[in-house]
Structure formats: C-alpha cells, structure tokens
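These notes concern the structure reproduced below.
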Number of protein chains: 2
Amino acid sequence: MKIGDLAKRSGLTAHTIRYYERIGLLPYADRNQSRHRDYDASILTWIEFLGRLKTTGMPIRDMLRYAALREAGAGTEAERRALLEQHRERVRAQVDELNACLLVLDTKIDGYVETEQRKIDDDAPEQHRIRGRRKPA
Amino acid sequence: MKIGDLAKRSGLTAHTIRYYERIGLLPYADRNQSRHRDYDASILTWIEFLGRLKTTGMPIRDMLRYAALREAGAGTEAERRALLEQHRERVRAQVDELNACLLVLDTKIDGYVETEQRKIDDDAPEQHRIRGRRKPA
DNA sequence: TCTTGACTTAGAGCGCGCTCGAACCCGTAG
DNA sequence: CTACGGGTTCGAGCGCGCTCTAAGTCAAGA
C-alpha cells in the first residue's frame, strides 16, 4: 500500500503520515525499489489506536513513550499497561469534568429559555398567558 | 480588586487576564487613579463561565462571539442560547466519543493484564497454575 | 517520447493560546 | 530619599501539532 492509499484509508494526510514517521510515532516504513513507502494493512490498527489516544487528549510526547515501548517489543507490557492505566484515569476525570460542565450549560440555556418565554408572554394578550411565569406586580 | 488579586482568585495569571481583555474576552476594566485595573468581584462569575467553555473545548473565537453578544445586552438572548445549544451538542458528542475510547482502552489494558498473568503462570511451579490460561501444547 | 501525477526529502510556516521581556510608573515602608 | 513590590503598555517568543513549499525522482499512459 502506498502512502496515498494509506492516507485515504486512515483519514490522515500523506504529510501527516510522513511527519508521524519522522517523529517516531509510526515505525520507519519499508520502501520499494523507487524509495516510495510501502505499507502493510496492519499499520492501520496502530494508526487507529493512535487516533484514540489523540481523541482522548494524550500529547504526542506521551504517545511517543508508548510507541517506543511497543517498538521495544516483549518485556515492556507492564510499563505500557501502566501508561494506559494512568491515561485512562485522566480520561475518566475529563469525562466527569465535561459532564459537570454540561450541567452548567443546561442551567444557562434554561435561563435563556425563560427569558424568551417572558418576552413571548409580554407580547401575548392577557388571556393567553400561561402558568404564572411572571412575578406578581 | 487589583489584577493580582483577581489572578489569585480566578486561577488565571495577570498576563492572561490582560490578554483576555486585549482580545475582548473580558470587558475593558475600569482603572483607578494610578491607571491600574480595578475589578468588581462579579467578574469572577464570567471568568468561571469562560473556564467552562474552555474546558469543553470551545475555541476563543467562539467565546468572543458569545462575549460580544453578552456585551450587546438585552435582545441577544436567542442568539446566545443558540450558540450554547450548538456547543452543548458538540460537548455531548465529545463525551460519547471519550466513552467509546475508554472501552477500547479497557480492552487494551485487559490484554496486557493477561500477558502479565501468563508470565506469572510460566514462572510459577506447575501445581500453582490457575484456570487454564495456557493453550494446550 | 512526453506528460501527468504521485511520490521523495529538507525545511519553512502557521494557527492557537498563551507567556514573557523590556521599559516604565506608582505608592508605601524603612 | 530610596528601594521595592506591585502595576502599566507594547510587542516578541514559545510549544504544540501539524501543514505546506520547493526541488527533484520515477512509472505508467497517450
């Protein structure tokens, strides 16, 4: 598979793939006789996993640590596991934080809904007003 | 309240507060007779809300749109609400995505746990092996 | 044979969100 | 009076993660 095909299938650009190889996030790819990179489909699994790490906010420098352990092969599993477990905790905390923010957003939005409802009530004739949203004068 | 106090109470640096004012994220602050910024405690509420938007990944340019509507005052509520509702949807999607990633992480970590367990089994004497984790030779 | 288009490398540039440095101004404590 | 610990402005610099340009190579199709 050439870099353009991999780009299409992975969703990365060819530029980004080369960049990832340069910094060590992707292993140095085999080249064919024209010095063009020649990929095995299995690389897609790794790219997909990198995408998950990225989605969850892992900085590249941490992905590099994981990638290096992976390259080092057997014997690094405990360290890889520790790295992922730490990351998992950070992601869980992040999800909790986002959910807390969602509650605040809900409250804020409800506030605007009420503001708009008051406006509608004001514009409506008296007999159409509903459920006492106005403070008594 | 002076900028240093606000910095302590908000968690931002004085540099960042000035930067936010410069770009319009914070309203232009009143100055005292020494031309020093003099803040009312109420600004903290706004800074806190900005923090929520930031936590949830809203880019500064969008916060600026919201801040501008807020400055514009009454009559912009519907637009502000729409902005926040759109953002809320994005955040919800983000939470879903993170949760999906967490499942993948769990699977990956479980894989490493098993690898390590096999190692322990291999090191242990035969009679201590448990629950047939090994393929039969 | 010539053109087209995808590939190669090295390195510069960019958008974001700060972060910091320089040079200066003030008010207060010693 | 002087030193110090804030504050001020303006503008440059930085870390991140790409993104793009330039100049060249190569293989396949008209």
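A note on names: the letters A, B, ... follow the listed sequences, proteins ahead of strands, and every chain is numbered from 1. Bear in mind that the values here come from a model prediction, so they are computed numbers and not experimental data.
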pair B:Arg88-A:Leu102: side-chain heavy atoms closer than 4.5 Å: yes
Residues in residues 25-32 of chain B with a heavy atom under 4.0 Å of DNA chain D, by number, are B:Arg31
With heavy atoms of chain A within less than 4.0 Å as the criterion, where does contact along DNA chain D begin and end? D:dC16 to D:dA27
Taking all heavy atoms of B:Ala14 and all of B:Ala7, pick out the closest pair and write down the distance. N-CB, 3.8 Å
How far does CZ of B:Arg70 sit from CZ of B:Phe49, to the nearest 0.5 angstrom? 9.0 Å
Flag, side chain of A:Glu77 to backbone of A:Gly75, donor-acceptor distance under 3.5 Å: yes
Would you jot down, in residue-number order, the residues of residues 6-23 of chain B having a non-hydrogen atom under 4.0 Å from DNA chain C? B:His15, B:Thr16, B:Tyr19, B:Tyr20, B:Arg22
Looking at CG of A:Leu64 and CD of A:Glu71, how far apart are the two atoms once the value is rounded to the nearest 0.5 Å? 11.0 Å
Mind checking whether A:Asn99 and A:Leu103 have side chains closer than 4.5 Å, heavy atoms only? no
Does some side-chain heavy atom of B:Ser10 sit less than 4.5 Å from a side-chain heavy atom of B:Ile43? no
Once rounded to the nearest 0.5 Å, what's the spacing between atom OH of A:Tyr39 and atom CZ of A:Arg9? 13.5 Å
Residues in residues 43-69 of chain B with a heavy atom under 4.0 Å of DNA chain D, by number, are none
Might you point out which heavy atoms bring A:Leu69 and A:Thr76 nearest each other, and give the distance in Å? O-OG1, 3.0 Å
Atom CG of A:Asp62 and atom CZ of A:Arg90: how far apart are they, to the nearest 0.5 Å? 6.0 Å
Would you confirm whether A:Arg31, through its side chain, and A:Ala29, through its main-chain N or O, come within 3.5 Å as a donor-acceptor pair? yes
Could you report the tightest heavy-atom contact between A:Leu12 and A:Ile47, atom names first, then the distance? CD1-CG2, 3.8 Å
Please say which of B:Gln86, B:Arg92, B:His87 ends up in a side chain to side chain donor-acceptor pair (under 3.5 Å) with B:Glu89. B:Arg92
Check ring-ring contact (aromatic ring centres under 6.0 Å, His included) between A:Tyr112 and all other residues, then give those that pass, not counting sequence neighbours. none
Close N/O contacts between protein and nucleotides 27-30 of chain C (under 3.5 Å):
from: C:dG27; atom 1: OP1; to: B:Ser34; atom 2: OG; distance (Å): 3.0

Pairwise distance CG(A:Leu25) to OH(A:Tyr19) - rounded to 0.5 angstrom: 8.0 Å
